[in-house]
Amino acid sequence: MNLQFSLLQDLTAQYDARKIDPNTVFNLTESSITAYILMHRMFVENCKSFQRNHENANISALIIDLQNKDTEKNMKVLRDYAMHTSIPMSGVKMHTDVNDEANLRQRFHSTLHVKIDADEMDTHELSRQNIERINEWGYELDITEEIKTAWNNLKDFAKKVFKNYLDTYVDENLRKVVISDKKLWQERLIPLKTTGVTYQPKNSIPQDTVFMDYDALAYCVNCMLDE
């Protein structure tokens, strides 16, 4: 998810650096946007599954709050639509600002805007709720702005989820060890994209081993270090 958002943002950065041409940007835009939507919703669904299996994690209210946001409802509709056919994207435009006073590498700054044409969407496979949501868009949806909002919402949601995870499952002594090695984590382990192992739930026997990828581990560690 983090990677997909970064790849989408990187399209215009590569264009500004003259590494790719406009046609390449436009050709990669649709697949990049679709990939982000799918990964975004996959993360939310994984959190819902985690809550069902670990009710004491206390994240159900966080999930409900996220899914009540308009942008998240749009992400769900688009994920459901992408499961059946490609999302009709139109009005792909790129605007480039030029700063004559900046150095060559920072002189150009391009922004990409992509619209989804609601009138071109085939809604036969969608639920009534999804169709009603699409009708609320009017005739189009600015998906690039929608993804930026969705990403910011998800980052905030993820921080709260991982904090609840830490409070519920991670032993206080382990947290103290991580905090005491703050410099090691910040300067070496996190930059090296370290993966890790933790255990859950605490205060129960036997404990389940949980393997954490880099993003999950980095989130958890940063939550501890920010306390």
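None of these values were measured; they are calculated from a predicted model. Reckoned from all heavy atoms, side chains included, excluding hydrogens, waters and symmetry mates.
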**Report entry** Closest contact, heavy atoms only, Cys223 versus Lys159
**Finding:** SG-O, 3.9 Å
Report task. Determine, stepwise, if the pair Leu166 / Met224 fulfils side chain to side chain contact (heavy atoms under 4.5 Å, CB included). Result -> CA-CA 8 Å; Leu166 293 173; Met224 294 183 200; 3.4 Å; yes
Query raised in the report: Is there a salt bridge (charged side-chain N to carboxylate O under 4.0 Å, His left out) between Arg128 and Glu132 once you walk through the steps?
Result: CA-CA 6 Å; Arg128 177 178 57 82; Glu132 290 175 353; 2.9 Å; yes
Query raised in the report: Is Ile190 close to Leu192 at the side-chain level, that is, under 4.5 Å between some pair of heavy atoms?
Result: no
Requested in this report: Would you mind reporting whether Phe162 and Phe157 have side-chain heavy atoms less than 4.5 Å apart?
Outcome: no
Report summary line: Note: Ala118 and Gly138 closest approach over all heavy atoms is CB-O, 3.7 Å
Requested in this report: Working to the nearest 0.5 Å, report the span between OG1 of Thr149 and CD of Glu72.
Outcome: 11.5 Å
Query raised in the report: So, Asp21 and Thr24: side-chain donor and acceptor under 3.5 Å apart, yes or no?
Result: yes
Report task. Decide yes or no for Leu66 and Leu154: does some side-chain heavy atom of the first lie under 4.5 Å from some side-chain heavy atom of the second? Result -> yes
Report task. Find out if a path of hydrophobic residues (ILVMFWY) with successive side-chain heavy-atom gaps under 4.5 Å connects Leu38 to Met121. Result -> no
Query raised in the report: In terms of side-chain heavy atoms, does Asn164 have a donor or acceptor partner in Asn58 at a distance below 3.5 Å?
Result: no
Query - Side chain to side chain, Ile37 and Ile87, heavy atoms closer than 4.5 Å - result: yes
**Report entry** Flag side-chain contact, heavy atom, 4.5 Å: Ile116 against Leu78
**Finding:** yes
Query - Phe50 and His54 aromatic ring geometry - parallel, tilted or perpendicular at 30°/60° bounds - result: parallel
Requested in this report: Look at the side-chain heavy atoms of Ile, Leu, Val, Met, Phe, Trp and Tyr, link any pair under 4.5 Å apart, and say whether Met83 and Val44 land in one connected group.
Outcome: no
Report task. Please report the shortest heavy-atom distance between Tyr36 and Trp151, naming the atom on each side. Result -> OH-CA, 3.4 Å
Query - Same apolar cluster: Phe26 and Ile33, side chain cutoff 4.5 Å - result: yes
Query raised in the report: About how many Å separate OG of Ser86 and CG of Asp122, when rounded to the nearest 0.5 Å?
Result: 10.5 Å
Query raised in the report: Is the backbone N or O of Ile64 less than 3.5 Å from a side-chain atom of Asn68, with the two atoms forming a donor-acceptor pair by type?
Result: yes
Requested in this report: Determine, step by step, whether Arg133 and Asp70 satisfy the side chain to side chain contact (heavy atoms under 4.5 Å, CB included) criterion, reporting the C-alpha distance in whole Å, the side-chain angles of both residues, the deciding distance to 0.1 Å, and the verdict.
Outcome: CA-CA 9 Å; Arg133 186 70 204 170; Asp70 288 339; 3.2 Å; yes
**Report entry** Closest approach of Ile131 to Thr123 (non-hydrogen atoms, all atoms of both residues)
**Finding:** CD1-O, 3.6 Å
Report task. State, to 0.1 Å, how close Val178 and Leu225 come at their nearest heavy-atom pair, and which atoms those are. Result -> O-CD2, 3.9 Å
Query - Electrostatic pair Arg188-Asp181, nearest N-O below 4.0 angstrom - result: no
Requested in this report: Drop me the distance from Ser127's OG to Asp80's CG, to the nearest 0.5 angstrom.
Outcome: 6.5 Å
Query raised in the report: Among Glu146, Glu145, Lys148, Lys76, which one satisfies side chain to side chain donor-acceptor pair (under 3.5 Å) with Thr71?
Result: Glu146
Query raised in the report: So, does Thr168 use its side chain to make a donor-acceptor pair with the main chain of Tyr165 at under 3.5 Å?
Result: no
Requested in this report: Look up atom CD in Glu30 and atom OG in Ser90, then write down how far apart they are to the nearest 0.5 Å.
Outcome: 10.5 Å
Query - Ile147 vs Leu8 side-chain heavy atoms within contact, under 4.5 Å - result: yes
Query raised in the report: Checking Thr85 side chain against Ala82 main chain: does a donor-acceptor pair fall under 3.5 Å?
Result: no
**Report entry** NZ/NE/NH1/NH2 to OD/OE distance under 4.0 Å, Arg41 and Glu45
**Finding:** yes
Query raised in the report: Are Leu126 and Ile134 close enough, and set up right, to give a side chain to side chain contact (heavy atoms under 4.5 Å, CB included), and what steps lead you there?
Result: CA-CA 10 Å; Leu126 297 180; Ile134 292 172; 3.5 Å; yes
Query raised in the report: Are side-chain heavy atoms of Asp65 and Lys69 found at a separation under 4.5 Å?
Result: yes
Query raised in the report: Looking just at side-chain N and O atoms, do Trp137 and Asn74 make a donor-acceptor pair shorter than 3.5 Å?
Result: yes
Query raised in the report: Are the side chain of Asn222 and the backbone N or O of Ala218 linked by a donor-acceptor pair below 3.5 Å?
Result: yes
Query raised in the report: Can you tell me if Asp156 uses its side chain to pair, donor with acceptor, with the backbone of Asn152 under 3.5 Å?
Result: no
Query raised in the report: What distance do His84 atom NE2 and His124 atom NE2 have between them, rounded to the nearest 0.5 Å?
Result: 13.0 Å
Query raised in the report: Where is the tightest heavy-atom contact between Cys47 and Ile59, given as atom of each residue plus distance?
Result: O-CD1, 3.6 Å
**Report entry** Shared hydrophobic cluster, Val177 / Ile179 (ILVMFWY, side-chain heavy atoms < 4.5 Å)
**Finding:** no
**Report entry** Atom NZ of Lys48 with >12 non-hydrogen neighbours under 6.0 angstrom
**Finding:** yes
Report summary line: So NZ of Lys19 and CD of Gln14: to nearest 0.5 Å the spacing works out to 6.5 Å
Query raised in the report: Any side-chain heavy atom of Asp142 within less than 4.5 Å of one from His113?
Result: yes
**Report entry** cation_pi(Arg79, Tyr81) dist<6.0 Å, angle<=45
**Finding:** no
Query - Derivation of the side chain to side chain contact (heavy atoms under 4.5 Å, CB included) call for Met89 and Thr34 - result: CA-CA 10 Å; Met89 300 183 194; Thr34 301; 3.8 Å; yes
